[in-house]
Amino acid sequence: MPAHTQSSSHSERPGKSPVSRSGRFSGGPAADVARYTESISFDWRLWKQDIQGSIAHARMLCRMGVLTQKELQAIVRGLTSIGRDIAAGQFEWKQSLEDVHMNIESALTQRAAAGAKLHTARSRNDQVALDMRLWLREELDHASQDIANLQRALVNLGTRHAGVIIPGYTHLQRAQPVYLAHHLLAYVEMLERDIERLKDCRRRVNVCPLGSGAIAGSTLPLQREWVAGELGFVDDRGRIQVTRNSMDGVSDRDYLVEFCAASALLAVHFSRMAEDLILWAGTEFSFIQIADAYTTGSSLMPQKKNPDIAELARGKTGRVTGNLMALLTLLKGLPMAYNRDLQEDKERVFDTADTVRATARLLAAMLDHTTVNEANCAAAASDPALLATDLADYLVERGMPFRQAHHVVGTLVAAAARKGKALNELDHAEFLEVDRLFGPDVTEVFLLSRAMARRKVTGAPGTRETARQLKFWQRALSIQPVQKFGKTPGARSRRG
Ligand code: ARG
C-alpha cells in the first residue's frame, strides 16, 4: 500500500458500511473480514485506468441521456481532481471501501452529487476486468520496449567485440568455435520471440468487457462499441473490439494467464542468459568483466566481486513461473461467472510485470557495463580440438563417407592424446599413419580465421554471416551505426 494509504485495519471495531452494503446490510463487516477481503492495498495501482474507464462510461451515459451535460462535466471534473490528488500522494485510501473502484467512486460522490449516477449499468465485475485490460495493455507495450533495449545491449556488446571468437559449448564441453556476437545474438532471437508472444497476447487483451454488467449486461441501452472506441479497443485494421459474451466478459482471465505464461518463458530466457554471464565472469572462464557498479562484494571475502544481478535474474525466474502456476490453479474449477477468487489474480500479475521489466532493464544496464577479456577468449578459442569436425569435413571433401571420417578423426584425437600433443601439433607423417587421404594442406584446417570464413551457411557463425546478422539486428532495432572499437560502454541508442 502506498505511504499515503490510510488503513483502518488495526481497529477491531467493525468498519463503516461501504456503498456495496448499503440497504441490504445492517452494518459494516467485522474488522478482520475487511482486512481479509480488501484489495485496495494492491489494486490502488489501477487508479489511472479506473478513472479513464469511468470518464468514458460517464460520456456514454450522457449520450444515452442518463446524465445531463452539466452532470457529466461535474463527474469529469471530480474524477480529474481525484486523479490529481492520487498522483500528488494526497488521496486517502480507505480499507473500509475495499478496493480502488469504491474508493474512487465514493470520493467522487463527495465531490459531485452526480457521481451517484456513475455506476448506472456498471458492475465492479466488468470494471475490474476493464481496468486490468487497460493496465496490461500499457504494461505490455512498456515491457516490449524494455526487452528491445536488452536486445540492443546484446547487439552492442557483440558489435563492440565483433572479431572475438569463443568456444561454443554443448554439454558444457568445448564443441566448435563461434563468434561471441553469434552467441549473444542467440539471445536476441529468443527475446524477439518473447516480444512476438507479448504482441500476440496484446490482441486478446485489447477487447473491451465494459457493458457486461455483473454477469448479464443491462436492460439499459448501453453503447458498448462507442465506449470501446473511446478507450482505444481497436484492432490493427481499425475494428472496434468488444467481448461477445457477458459471462465470459466478467470472468475471463485468460489474457492474464497468457501474459504470465509469455513472461515465464521470458524469465527462463533471462535465466539462461544470466547463467552464461555468471560462468563467463568466473575465474575459470574469465571471458568477461562486469563493471564494479553492477557487481557486489562479499561481507567476508575481500577479493570477491559477485555477479548478483545475473544471479537474481536467474533466481527471480522462480517467482515468475510460480505466478503462472498460481493463476492457473486459481482459475481451475471456478464456476461461472465472477467469483471473488479472481481478486487473487492481481498481485501475481503485478509481480510478474514488475519482475520481468526490472530484470530486462538491469540485465541491459549490466551488459552496457561489461567488457570482454579478448585475450582470454582468444586463448580458449585457439584450442585446436574445436576444429576436429572441420577435419572430418576435410576428409568428406576428399570423398570419404562422413561416418568413416568421424572414426578417422577420433583415432587421430586419441593418437595425439597418447603422444601428449595437441591435434595441430601432429606432423603430416603422423596424419598419414592414421589415414592416407590426408594431404600436406591438412594443417590449414587449423587456421581459425580460415575456419570461420568457411562457415557460410545461413545462420552459422561464419565471418560474413555473423556480420550480416549483426547488421540485420542493428537495423531491426534501429541502432545507430556503432563504432566497432573504442566505444563508450553505455552510450547506446534507444528506440524512442
Ligand atoms: N476487488 C475485486 C477484484 O479484484 C473487484 C470486483 C469485486 N466484485 C465483487 N462483486 N465483489 O476482483
Side-chain angles (χ1 to χ4, degrees), residues 1-2 5 7-9 15-25 28-30 32-54 57 86 91 93-108 118-137 139 205 208-218 243 246-257 259-260 323 326-354:
M1 210 179 304
T5 301
S7 133
S8 58
S9 63
K16 106 173 195 286
S17 183
V19 278
S20 64
R21 297 171 70 95
S22 74
R24 174 72 176 80
F25 295 82
D32 57 350
V33 174
R35 232 178 356 251
Y36 189 70
T37 55
E38 66 85 23
S39 55
I40 189 61
S41 58
F42 47 88
D43 69 11
W44 64 270
R45 281 181 72 156
L46 299 170
W47 67 267
K48 238 184 228 167
Q49 293 73 25
D50 203 71
I51 289 176
Q52 187 189 357
S54 285
H57 183 68
I86 297 172
F91 187 80
W93 298 105
K94 296 192 182 108
Q95 191 191 59
S96 58
L97 291 171
E98 278 186 40
D99 56 27
V100 65
H101 323 293
M102 292 213 288
N103 267 272
I104 291 177
E105 192 193 325
S106 156
L108 173 68
L118 179 63
H119 215 50
T120 308
R122 186 177 75 166
S123 154
R124 275 187 294 160
N125 297 354
D126 55 2
Q127 200 177 354
V128 72
L130 172 70
D131 292 2
M132 283 302 275
R133 285 173 184 269
L134 287 171
W135 183 86
L136 185 57
R137 187 173 73 183
E139 205 64 16
V205 169
C208 188
L210 202 62
S212 302
I215 173 169
S218 172
T243 53
S246 64
M247 294 177 81
D248 184 45
V250 286
S251 64
D252 170 28
R253 296 294 183 273
D254 294 0
Y255 55 98
L256 299 179
V257 173
F259 168 63
C260 285
N323 287 340
L327 268 196
L328 288 169
T329 313
L330 166 65
L331 295 176
K332 180 197 168 295
L334 272 194
M336 280 292 217
Y338 179 86
N339 296 271
R340 192 63 176 268
D341 313 43
L342 293 174
Q343 179 167 296
E344 285 289 305
D345 60 1
K346 276 157 220 72
E347 288 162 291
R348 307 281 59 88
V349 171
F350 293 157
D351 183 63
T352 294
D354 293 345

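As the structure lists them, so they are numbered: ligands from 1, and atoms in each ligand from 1.
Using a cutoff of 4.0 Å between basic side-chain nitrogens and carboxylate oxygens, D131 and K346 are not scored as salt-bridged. With respect to the salt-bridge test (charged N to carboxylate O, under 4.0 angstrom), the residues R45 and D354 qualify.
The main-chain N or O of T37 is found under 3.5 Å from a side-chain atom of R340 such that the two form a donor-acceptor pair. D99 places no side-chain N or O within donor-acceptor distance of the main-chain N or O of S39, the cut-off being under 3.5 Å.
How far NE2 of H119 is from CG of L108: 12.0 Å, rounded to the nearest 0.5 Å. Rounded to the nearest 0.5 angstrom, N125 CG and L210 CG are separated by 11.5 Å.
For a heavy-atom separation below 4.0 Å, the residues in contact with ligand 1 are S39, D43, D99, H101, R124, N125, V128, Y338, R340, Q343, K346.
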